[in-house]
Amino acid sequence: MLAIDNLASRYGRIEVLHGISLNVRKGEIVTLVGSNGAGKSTLLRAISGVQPVASGTMRLEDKLIDRWRPHHRVAKGIAQVPEGRQVFAPLSVDENLRLGGIVRRDGNIGADLDEIYTMFPALAERRRNAAGTLSGGQQQMLAIGRALMARPKLLLLDEPSMGLAPVLVEQIFATIEMLKTRGLTVLLVEQNANVALAIADRGYVIETGRIVMTGTGKELLNNERVRSAYLGM
Amino acid sequence: MAELLQFTFSGLTVGAIYALVALGFTLIYNASDVANFAQGEFVMLGGMVTVFAMAAGLPIGFAALVAIVFVALVGLLLHRLAIEPARGASSVTLIIITIGASIFLRGMTAILLDKNFHNLPPFFGSEPFVIGGATLLPQSLVVLVGVALVLLAVWLFMSRTLLGKSLLATAANRTAAQLTGINTSAVIGMAFVISAMIGAVGGILVTPITLTYYDAGTMLALKGFAGAVLGGMGNPIGAVVGGLVLGLLEQFSAGYLSSQYKDAVAFIVILLVLFTMPQGLFGAKTVERV
């Protein structure tokens, strides 16, 4: 689905990603674990095209996407739920979701809207409210719903559990697993490594802009180094 | 009392045009963080192109349409040729670019058209109404109604169409808009086109009252900017109110103090607002939750 080869990216003169290579296969949940500032968000931003890339290649289903503009990548199937939700605060829940479907050419937005509202009933009750007035958990659901409205093949999730109560975290991760059963491919970035690796088929550990370890979710969960560095055990 | 009413009429008329310029400023500023100081040239070109299209034999309605389309094209080219290539530049750089564009448009108008003052005939005669001892020109009514219709059109576009929402979304959070699949560059281009059209309409409406010439845009841009700052930079309702208030202040000071100080009012307002309440009249209300 997604193949990244030797990707480098910098902010100004400071290189933050040094030759990242990773693969996400169709139908997988792949988790990217790493501490603050390791480059996880930068990598997701580069995949979505909002972070410039210095060298390396990115392919979506064997097509080179390096030069595609961000909106084109969404139209071709890469949607992102950004860190910190980033909903359009002054716009209503309904408007946020409709904008999520802006890349769609099929015009069948209504059915998908209903589906999102069934998936997240809390949003349905507040469909006319400004997104900025929602609680953190509701905003996260809205951000996920907005991304799903584009009918992506690959969903990039950046810290979806950040700042949420445990019961909501559970709900978000249950949703991600449910989406997988529907055939969606997921690349998940998390500091909450325990839960994120538990639902992952495979995982990568990123440290200061380099991939330092990879394996199945289970292997990484049982790895001594991962346990001490990221799971607090 | 008649005097007060008279100043109010003329204040609202010029204020309505400042409101359009301020709204144009705000639309572009919200979508792209660019303070477009070529906004006044859109107004000037709206009037000038209509004048010359009429001189070429077109009826006024058709001439006005030609002017609006032409100015819309100028707005699009301004974005494509001057703003878009400088994507990511600092806001000071972008301001200098728009000032350069404004000088360029003024110069081209002086060379290609001319440097004279021009007038348009009033749309519905020039027999003034007398209300409470004050006179009101039919064209002033045309300006007020016309501006109200423009505001209504902009509001409907923003609140009823997905394209309008994509502009609001880009203004609210540009990165999120890109990640959602909105072509933000096209949206910002659209903001320039809409602002240009708003300016052109203002120019066409007001030319029968104020006349126009190649250099008329400079002052209008500054007044519109003052209106936008007064209303709270970035707030479209604030921009409209700020423009109207500025027009009233200007006419009151011209009437009760001296008309020589009329143009100083706008700058005094900018300074006072920046010193005492930098968010403007409506800026404090903006809520941002992260």
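Predicted model only: the values in this text are computed from it and were never measured. Residue numbering restarts at 1 for every chain, and letters A, B, ... go by the order of the sequence lines.
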Using non-hydrogen atoms only, which part of [X] is less than 4.5 Å away from chain B: side chain, backbone, both, or neither?
X     : value
A/R45 : side chain
A/L99 : both
A/R98 : both

Check: Between the side chains of A/T42 and A/Q51, does any donor sit under 3.5 Å from an acceptor?
Finding: no
Note to self: Under a 4.5 Å cutoff for heavy-atom pairs, which residue among B/N183, B/I182, B/N173 has the most contacts with chain A?
What the structure shows: B/N183
Check: Which one, B/L162, B/T184, B/L168, B/L163, leads in non-hydrogen pairs under 4.5 Å with chain A?
Finding: B/L162
Notebook entry, point to check: Between A/L91, A/V103, A/L156, which residue shows the highest count of heavy-atom pairs closer than 4.5 Å to chain B?
Noted result: A/L91
Next item on the list: Measure the acute angle between the ring planes of B/F37 and B/F225, then classify it against the limits of 30° and 60° as parallel, tilted or perpendicular.
Entry: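 B/F37 and B/F225: tilted rings.
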Next item on the list: Evaluate side-chain hydrogen bond (donor to acceptor under 3.5 Å, both in side chains) for A/Y204 paired with A/N23, printing each intermediate quantity in order.
Entry: CA-CA 10 Å; A/Y204 290 87; A/N23 279 292; 4.8 Å; no
Checklist line | Which atoms of B/A186 approach chain A - backbone, side chain, both or neither, heavy atom under 4.5 Å | finding: neither
With a 4.0 Å cut-off, would you call [X] and [Y] a salt bridge?
X      : Y      : value
A/E61  : A/K153 : yes
A/E28  : A/K180 : no
B/R174 : B/D33  : yes

